[in-house]
Structures are given as structure tokens and as C-alpha cells.
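The chain is numbered in sequence order, starting from 1. Side chains are part of it too, since the values below use all heavy atoms of this structure and drop only hydrogens, waters and symmetry mates. Numbering of ligands and ligand atoms starts at 1, following listing order.
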Amino acid sequence: MKQFISVNDVSDINALVKQALAYKAQPFLDKQLGANKRIGLLFLNPSLRTRLSTQVAAQNLGMEPIVFNVDKEGWALEFAEGAVMNGNTVEHIKDAAPVLGNYFDILCIRTFPGLVDKEIDYSEKIINQFIKYAGVPIVSLESATLHPLQSLTDLITIQESMASNLNIKNKKPKVVLTWAPHIKPIPQCVANSFSEWINAWGEANFVITHPEGYELSATYTKGATIQYNQDEALKEADFVYVKNWSSFNEYGKVLSTDKHWMLTNAKLALSNNAKVMHCLPVRRNVELSDEILDGPNSLVTQEASNRVWAAQAVLAKILGA
Ligand code: CP
């Protein structure tokens with residue numbers, strides 16, 4: 001694997017999931033694979049799970065991780081070609097990325113969208129310039145449009161849950177991605193990426209439900225059933241993935257804060273005793289109710305724990321496992 005930016009960088013999704021679960025069973029299986037190699041984790045935005053799970057994963061493979069909070073500790077980066085840098089930016093990506101590429105064997109980047117200009121965000125100009133100028137494999141720790149380490153984790157968690165649940169072990173599961181309310185505009189990355197991975201996996205009946213106006217880019221959702229009635233969508237669901245996102249069409253806007261879209265036990269009763277997922281962080285009793293998060297159907301802690309194994313499987317592939 002040369003980079004990990006989207007599901008398109010993965011040749012065999014199920015094999016990658018299997019590798020991740022092998023690391024979960026034996027974390028130090030390949031503890032020499034990354035010996036004498038260094039991985040840089042660059043954060044232009046905040047993180048809890050991604051930064052810590054990727055460090056743990058790298059260390060399990062014998063790599064030395066170094067974290068750099070570019071947004072707080074680095075020079076302000078310029079990304080515009082031909083920029084006259086007489087403003088607030090201090091260093092051009094063309095100059096910074098090759099230096100970072102010389103310091104590290106793998107570079108990982110987290111960069112959120114601005115949610116102002118769809119064209120700029122969906123061009124992935126920041127991560128693409130790291131790919132262009134760094135000269136080493138780039139791993140997305142969430143970019144402007146996608147969060148592939150989260151989506152791989154989600155698929156690991158679904159497959160793990162299916163294997164231990166006789167109700168759904170040998171069936172094609174119904175997976176529902178449901179929009180949830182939030183107080184502020186949130187990127188479409190997790191929803192885009194989850195859709196892309198579930199579609200690419202191809203082993204689920206995939207339904208996406210949201211209020212009208214929250215349609216995601218068809219690039220990622222093509223093939224999924226779109227339902228505007230959440231109750232209908234939840235019927236017979238085996239997995240419910242809860243996530244807020246801002247509007248793609250009216251880019252970055254919050255069009256609804258309708259509380260009725262928050263998942264509750266009453267709504268979950270419509271499902272096939274579905275397991276509930278969320279990438280975290282979650283706003284309790286806004287996006288998801290306490291009763292769900294603290295209840296027996298929640299997979300959120302298991303899901304967040306699985307971030308380590310997803311990252312470990314990806315890094316191992318890049319290291320040549
Ligand atoms: N799910 C996720 O990416 O969490 P963090 O933002 O805390 O890394």
C-alpha cells in the first residue's frame with residue numbers, strides 16, 4: 001500500500017479487516033516490522049482517538065511516533081500556488097512537506113474542511129499537496145471529505161459484532177446511517193467515508209436516512225437506499241450508525257436541528273435489536289441519548305478501541321506486511 005487516503009487505496013477490504021482482528025488478538029505479532037522507522041503525526045485540527053490510537057498502533061509495530069500540532073506549534077502554512085506571502089502565512093507547503101518527508105518514513109495528516117467553499121474542500125488541496133511534495137507515504141487521519149481510518153474501524157466493528165451474534169452471523173446485515181441533530185456545522189467526512197466503505201464492501205443492505213436537504217455527495221452514496229422517513233429506515237436494521245453532518249448541497253449549512261431525529265430506545269425498538277455506532281466525540285442528548293449510549297446495544301467504546309487495530313493494519317500494509 002503506497003498511501004491511505006480512501007477505500008480506493010485498499011486492494012482487499014476483508015483481508016485488511018482480518019489483519020486488524022489478528023492484531024487485536026496479538027498486538028505484538030509484527031513488533032519488528034517498523035523497527036528503526038519513524039512516523040510523523042501532523043495535526044491541523046484537534047483529536048483524541050485518532051492521535052492516540054495511531055501512536056499505539058505505530059508502537060505495536062516497533063515504530064517511533066512523533067506528534068506535531070501544526071495548528072498550535074508550527075508556522076502558519078501556505079497552500080496556494082504562486083502566493084505572494086505577505087500576509088499571515090509563513091511557510092509554503094512546497095518547502096515544509098519535503099523537509100517532513102526527510103524526517104519521517106510515513107507522514108499522517110489530520111485536516112478538517114473549512115465548510116465555506118465546497119470546491120476547495122472537495123479538491124482535498126491540503127492532503128493532496130502533502131502527497132505531492134512529501135515524497136513518503138501519506139496516511140489520512142481525517143481529511144476535508146473522508147475519514148478512512150474511522151471507516152475501516154467501523155467495518156472491523158461490524159464484522160466482529162456479526163461474528164459473535166447468532167442473529168446476524170450468516171445474513172446480509174441491514175446497515176442504516178442516520179443523520180442526527182447537532183448545534184453547529186459538522187463536516188460530511190465520516191458520513192461520506194462510511195458510505196464509501198460500506199458500498200465498496202458490498203456485503204450489506206445499506207440505507208441512509210436524513211431530513212431533506214442533507215443528501216450527501218452521490219460519489220460516496222451511489223447504490224445506497226436513501227430514506228427521508230427515519231422510522232421506516234430503522235425497521236429491521238441490524239446496525240445503526242448515528243452521525244450529524246452539515247448540508248452538502250447548501251454547503252456547510254445547518255438546515256435542521258429537529259430533536260426527533262435523535263435516536264432513543266423507542267426508535268431502536270423498530271429495529272432488529274440493532275447495535276448502535278458513533279465515531280465519537282458525541283454530544284450526549286443532542287446527537288444520541290444517554291439511554292442508548294449507556295445501554296446494551298451501544299458499540300461506541302468497542303468501536304473507538306478498534307481504532308488501534310485499524311491503524312495497525314494500515315501501517316503494517318504500508319510497511320510491506
Ligand atoms: N473519531 C475520531 O476521529 O475521534 P477524534 O476526533 O477524537 O480523533
Fill in the blank from the handout: The answer for which part of Arg51 has a heavy atom under 4.0 Å from ligand 1 is neither
Exercise for the section: Report yes if some N/O of Cys279 lies less than 3.5 Å from some N/O of ligand 1; otherwise report no. Expected result: yes
Exercise for the section: Using distance alone, with no hydrogens and no angle criterion, decide if Tyr122 and Asp117 have a side-chain donor and acceptor under 3.5 Å apart. Expected result: no
Problem - Between Trp179 and Tyr214, ring centroids under 6.0 Å - result: yes
Exercise for the section: Determine the sole option in Lys169, Lys174, Lys171, Lys172 for which the salt bridge (Lys or Arg N to Asp or Glu O under 4.0 Å) test with Asp238 is passed. Expected result: Lys171
Problem - Those atoms of ligand 1 less than 4.0 Å from some heavy atom in Arg307 - result: 1 (N), 2 (C), 3 (O)
Exercise for the section: Could you tell me whether the side chains of Asp154 and Tyr241 share a donor-acceptor contact shorter than 3.5 Å? Expected result: yes
Fill in the blank from the handout: atom 7 (O) of ligand 1: of Leu48, Val282, Thr50, the nearest heavy atom sits on Leu48
Exercise for the section: Ignoring angles and geometry beyond distance, decide whether Leu280 reaches within less than 3.5 Å of ligand 1 through its nitrogen or oxygen atoms. Expected result: yes
Handout entry: Ionic contact status for Asp71 with Arg110, cut-off 4.0 Å
Key = no
Handout entry: Protein contact of atom 4 (O) of ligand 1 - nearest heavy atom, named by residue and atom, plus distance
Key = Arg49 NE, 2.9 Å
Problem - Side chain, backbone, both or neither: Arg110 near ligand 1, heavy atoms under 4.0 Å - result: side chain
Problem - Short N or O distance, His147 and ligand 1, threshold 3.5 Å exclusive - result: yes
Handout entry: NZ/NE/NH1/NH2 to OD/OE distance under 4.0 Å, Glu64 and Arg38
Key = yes
